[in-house]
Undergrad: 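Submitted below is the structure of interest, expressed as structure tokens.
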There are 2 protein chains.
Amino acid sequence: MTDSDGTIELVERLARLITNEGHSHGLKPAQWEAVRYLARANRFSRTPGGLTAYLGVTKGTVSQTLMALERAGLVEKTANPGDGRSVRLDLSAKGRALLALDGMASIRQALAGLAPERQAALREGLAALMQAALAARGGRAFGICRDCRHFARDARGPGAHFCRLLEQPLEDAEAGQICQEQQAA
Amino acid sequence: MTDSDGTIELVERLARLITNEGHSHGLKPAQWEAVRYLARANRFSRTPGGLTAYLGVTKGTVSQTLMALERAGLVEKTANPGDGRSVRLDLSAKGRALLALDGMASIRQALAGLAPERQAALREGLAALMQAALAARGGRAFGICRDCRHFARDARGPGAHFCRLLEQPLEDAEAGQICQEQQAA
DNA sequence: TCCAATAGTATCGAGTCGATACATTGACGA
DNA sequence: TCGTCAATGTATCGACTCGATACTATTGGA
């Protein structure tokens, strides 16, 4: 029983607590995660494929979860103008309203109650774990747009940025969203 | 988008990575968690009820998961001598052999690669989050036997401890196991 | 002795998930 | 232009998870 085992066990159990939290407001854990993702992802990443990579499940599974959310009126699908194969996902007004009820309040409160330097240490440690785990599995980072090597700040004027990878203009509000193509600068 | 949100998102996503890891060796995530629990819990806690409290699901769900594990020959059930309602669970030899294949290796490696003081900070932060989350939900701590207020070290001789709550002698090896009755000293 | 609490099982329905097969669309070269 | 191959999603199957409800058996106290 090393110290490391204890930490891993903590992560495991916290993971389970968070997962179980997702059985609220008539949704399932996987559905909650999809809703949270769609609230935070930019328009290039709000697709079934993006959600598939983020969740780390198969595309068939994601397809079913999205159908359930669409039936419930929380998610809207529209054709992607640039690519006929792809589908654009958006939260409906009802879906956005649901976000306010996200049941992770108790854990969020616990985090806020920690000393700031402890919060920072926790965040760093988790990020390191995450990065290593993703690298081992070939997963994508899904980092914040503005921290990406392809992000060109103010390239089209003040507050008008640009993505050099997708060659698309970016509004200021999009710089803080997560992107499936993100690569740390 | 506060700093706190980012940390919560990290915990969420790491939770999902760990959960998905559980689809290896023909088991399901919930089954892996049960196997890990049974490997770490003391004899007072290796019951369907103990596992139910640990996982935070309903007893019906646990009953099914245990039936699947029993069918697979990984878990053995025996009548509890003290209480005719209760069942004692034990990993079979096959079940114990499976532990060596536990798929969390990559995350464990990532943790080991962190600086020791970062490991400690991560561990403390996670423990604080865990404690608060459990308190908010009325869950049990499932701490280590020897850290419990009911643990009487060497009460029956050197290496022969005693549980004052259950009024049972404890072997030395049991002091390091987790217990559903544990309360921090 | 009666009765409530406790431990666990049985069953149902909705959802998750991997696997496989399939339909469309797009990209690229001959 | 045509053919092939890759990419994006959907459809379907079977095993499992999970909450909810109802049920049995045992325990322990009034």
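In what follows, chains carry the letters A, B, and so on, assigned in the order in which the sequence lines appear, proteins first and then strands, with residues in each chain numbered from 1. What you see is a predicted model, and the numbers here were worked out from it, not measured in a lab.
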Undergrad: How close do A/Glu171 and A/His161 get, heavy atom to heavy atom, and via which atoms?
TA: O-CD2, 4.1 Å

Undergrad: B/Gln31 CD to D/dA15 P: how many Å, rounded?
TA: 13 Å

Undergrad: A/Lys59 side chain: which of C/dG18, C/dT16, D/dG9 is closest?
TA: D/dG9

Undergrad: Residues from residues 64-73 of chain B sitting under 4.0 Å of DNA chain D, heavy atoms only?
TA: B/Gln64, B/Thr65, B/Arg71

Undergrad: Between B/Lys77 and B/Leu66, is there a side-chain heavy-atom distance shorter than 4.5 Å?
TA: yes

Undergrad: Within this structure, what is the CH2-to-P distance between A/Trp32 and C/dT16, rounded to whole angstrom?
TA: 14 Å

Undergrad: Taking atom CD as the centre, does B/Glu181 end up with more than 12 heavy-atom neighbours from other residues, nucleotides or ligands that are less than 6.0 angstrom away?
TA: yes

Undergrad: Would you say B/Ser63 places a side-chain N or O within less than 4.0 Å of OP1 or OP2 belonging to C/dG8?
TA: no

Undergrad: Nearest to the side chain of A/Ser86, which nucleotide is it out of D/dA7, C/dT16, D/dG9?
TA: D/dG9

Undergrad: Answer yes or no: does a side-chain N or O of A/Thr61 lie under 4.0 Å from OP1 or OP2 of C/dC17?
TA: no

Undergrad: How far apart are the closest heavy atoms of A/Gln182 and A/Cys148, and which atoms are they?
TA: CG-CB, 3.6 Å

Undergrad: So, for B/Ile144 and B/Ala175, which heavy atoms are closest and what is the spacing to 0.1 Å?
TA: CG2-O, 3.4 Å

Undergrad: Taking the six-membered ring for Trp, are A/Tyr37 and A/Phe142 parallel (under 30°), tilted (30 to 60°) or perpendicular (over 60°)?
TA: perpendicular

Undergrad: Is there side-chain contact between B/Trp32 and B/Glu21, with heavy atoms separated by less than 4.5 Å?
TA: no

Undergrad: Would you tell me if any nitrogen or oxygen in the side chain of A/Arg16 comes within less than 4.0 Å of OP1 or OP2 on D/dC18?
TA: yes

Undergrad: By a strict heavy-atom criterion of less than 4.0 Å, which residues belonging to residues 48-56 of chain B are in contact with DNA chain D?
TA: none

Undergrad: How do A/Gly84 and A/Gly60 order along DNA chain C: which one's closest nucleotide is nearer the 5' end?
TA: A/Gly60

Undergrad: Can you measure B/Leu74 atom CG to D/dC16 atom P for me and round it to whole angstrom units?
TA: 12 Å

Undergrad: For DNA chain D, whose closest nucleotide is more 5', that of A/Asn20 or that of A/Val87?
TA: A/Val87

Undergrad: Taking the side chain as every heavy atom from C-beta outward, state whether B/Pro48 and B/Leu89 have any pair of such atoms under 4.5 Å apart.
TA: yes

Undergrad: Minimum heavy-atom separation for B/Leu91 to B/Val35, with atom names?
TA: CD1-O, 3.8 Å

Undergrad: Is any side-chain N or O of B/Thr47 closer than 4.0 Å to OP1 or OP2 of C/dA7?
TA: no

Undergrad: What's the NE2-C1' distance between B/His23 and C/dA19, to the nearest Å?
TA: 13 Å

Undergrad: Tell me the interatomic distance from A/Asp83, atom CG, to C/dT25, atom P, rounded to whole angstroms.
TA: 10 Å

Undergrad: In whole angstroms, how far is the P atom of C/dG8 from the CZ atom of B/Arg88?
TA: 12 Å

Undergrad: Within this structure, what is the NZ-to-C1' distance between A/Lys28 and C/dC17, rounded to whole angstrom?
TA: 14 Å

Undergrad: Of the listed nucleotides (C/dT9, D/dT8, D/dC16), which one gets closest to any side-chain atom of B/Lys77?
TA: C/dT9

Undergrad: B/Glu9 and salt bridge (charged side-chain N to carboxylate O under 4.0 Å, His left out): which single residue from A/Arg36, A/Arg123, A/Arg40 fits?
TA: A/Arg40

Undergrad: Do B/Arg85 side-chain and C/dT6 base share a donor-acceptor contact under 3.5 Å?
TA: yes

